[in-house]
K.L.:
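Below: one structure in structure tokens.
Values reported hereafter were calculated over all heavy atoms of this structure, with side chains retained and with hydrogens, waters and symmetry mates removed.
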Amino acid sequence: TESEKETVVTAIVPVRAGTVTVGDAPVTLTVTGHTETLSRERIIAPLAGLLVTLHGTEGQHVRAGEVVATIRSKEAQSAKEGAAALLAAAKTADERARAQHALELATAGDNGTSVRATSDGVIVSRSATTGEYVAEGQELLQVLPEREIVFVAEVPVTALRDVHVGQSVRLSLPSLGASAAGVSGTIQGLRPQADSSSQTAMIIIGAFAEALTIYAFVTVFLLMGKIA
């Protein structure tokens, strides 16, 4: 009708000027992997005796030189137990005084033998319990040394021609928190056998991150080249 009018709406689109940059665009291959261990270290009892203390739980970090256990020798423990038995059996004041003196002599200066971690690492197992008698050479703990933890990632076979030992990579470890993102690493080796079903091969990467543990999952970014 004549009362109807056409309304024309003009859209206003903001336009921003930018600077054109000419260069090469990096080509990055993203793969997933996890941590593995090359070996473990056994912390053993240097002598037979009573395990007075055993510190640390599975997953806890230890530092080289840190005291992880204390052992009291069989002889020292026997002397202490004998003096304690004499004190318990004493009936007169003189007997109690002599037994108390013997107990003090047995206890004085014997804080046990300290057992220390030999390297920085993560405790992966406990093989003894505080308060038990251990034999010389008996395993107390197993520690995974930090230097023995590596990253292993699956790379497509078709991409192996651009992967080489010594190549730098970047790793993201979300399981260790945001602070662990962007860890640098280096390819240390390639496993010779490829997986025929997945058509992938394993690469071994050396890197370090605080609070690193075995079987932590990781995302690996490999710079494969550049596009001009």
K.L.:
Do Ser184 and Arg170 touch side chain to side chain, with heavy atoms closer than 4.5 Å?
P.N.:
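Side chain of Ser184 against side chain of Arg170, heavy atoms only: contact under 4.5 Å found.
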K.L.:
To the nearest 0.5 Å, what is the distance between CZ on Phe151 and CD on Gln188?
P.N.:
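One finds 10.5 Å between CZ of Phe151 and CD of Gln188.
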K.L.:
Please find the pair of heavy atoms, one from Leu144 and one from Val124, that lie closest to each other, and give the distance.
P.N.:
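Of all heavy-atom pairs spanning Leu144 and Val124, the closest is CB-CG1, 3.8 Å.
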K.L.:
Does Ala69 have any side-chain contact (heavy atoms from CB on, under 4.5 Å) partners at least two apart in sequence or in another chain, and if so, which?
P.N.:
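For Ala69 the side-chain contact (heavy atoms from CB on, under 4.5 Å) partners, ignoring immediate neighbours, are Leu51, Leu54, Val115, Leu140.
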K.L.:
Tell me, please, which residues at least two apart from Arg191 pass salt bridge (charged side-chain N to carboxylate O under 4.0 Å, His left out).
P.N.:
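In terms of salt bridge (charged side-chain N to carboxylate O under 4.0 Å, His left out), with neighbours along the sequence ignored, Arg191 is linked to Glu36.
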K.L.:
Rounded to the nearest 0.5 Å, how far apart are CD1 of Ile205 and OG of Ser168?
P.N.:
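Between Ile205 CD1 and Ser168 OG, I get 11.0 Å after rounding to 0.5 Å.
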K.L.:
Hydrophobic cluster membership, with links at side-chain heavy-atom distances under 4.5 Å among I/L/V/M/F/W/Y: are Ile44 and Val134 in one?
P.N.:
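In one cluster: no.
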K.L.:
Taking side chain to side chain donor-acceptor pair (under 3.5 Å) as the definition, give me every residue that meets it alongside Thr53, ordered by chain and number, with sequence neighbours left out.
P.N.:
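Expected list: Thr70.
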K.L.:
Residues two or more places apart in sequence or in another chain: which of them pass side-chain contact (heavy atoms from CB on, under 4.5 Å) with Leu190?
P.N.:
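Listed in chain order: Leu160, Val163, Val165, Ile187, Ile203.
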K.L.:
How long is the span from the CG atom in Leu141 to the NE2 atom in His55, to the nearest 0.5 Å?
P.N.:
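That separation rounds to 10.5 Å.
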K.L.:
Quick one: side-chain contact (heavy atoms from CB on, under 4.5 Å) partners of Thr118, sequence neighbours excluded?
P.N.:
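For Thr118 the side-chain contact (heavy atoms from CB on, under 4.5 Å) partners, ignoring immediate neighbours, are Glu41.
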K.L.:
Measuring from Ile43:CD1 to Arg116:CZ, what's the distance to the nearest 0.5 Å?
P.N.:
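Between Ile43 CD1 and Arg116 CZ, I get 12.0 Å after rounding to 0.5 Å.
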K.L.:
For Thr158, what residues pass the side chain to side chain donor-acceptor pair (under 3.5 Å) criterion, not counting sequence neighbours?
P.N.:
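Testing Thr158 for side chain to side chain donor-acceptor pair (under 3.5 Å), a comparison that skips the adjacent residues, returns none.
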K.L.:
I'd like to know if Leu47 and Val67 are part of one continuous hydrophobic network [Ile/Leu/Val/Met/Phe/Trp/Tyr, side-chain heavy atoms within less than 4.5 Å].
P.N.:
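Not linked; separate clusters.
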K.L.:
So which atom in Ile123 and which in Gly56 form the shortest heavy-atom distance, rounded to 0.1 Å?
P.N.:
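What the structure gives for the nearest pair is CD1-CA, 3.7 Å.
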K.L.:
With sequence neighbours left out, what residues match Ser39 under side chain to side chain donor-acceptor pair (under 3.5 Å)?
P.N.:
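With neighbours one apart ignored, the set is Glu148.
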K.L.:
Please list all pairs meeting salt bridge (charged side-chain N to carboxylate O under 4.0 Å, His left out) that have one or both residues in residues 119-128, counting only residues at least two apart or in different chains.
P.N.:
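Only Arg63-Asp120 qualify under salt bridge (charged side-chain N to carboxylate O under 4.0 Å, His left out).
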K.L.:
Closest approach of Ile71 and Pro46, non-hydrogen atoms and distance?
P.N.:
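It is CD1-CD, 3.9 Å.
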K.L.:
Would you name the heavy atoms of Ala117 and Val62 that are closest together and state the gap between them?
P.N.:
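Result for this residue pair: CB-CG2, 4.1 Å.
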K.L.:
Got a sec, which residues hit side chain to side chain donor-acceptor pair (under 3.5 Å) with Arg42, two or more places apart in sequence or on another chain?
P.N.:
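Arg42: side chain to side chain donor-acceptor pair (under 3.5 Å) contacts with Glu139.
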K.L.:
Taking side-chain contact (heavy atoms from CB on, under 4.5 Å) as the definition, give me every residue that meets it alongside Gln193, ordered by chain and number, with sequence neighbours left out.
P.N.:
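Partners of Gln193 by the side-chain contact (heavy atoms from CB on, under 4.5 Å) criterion come out as none, since no residue qualifies.
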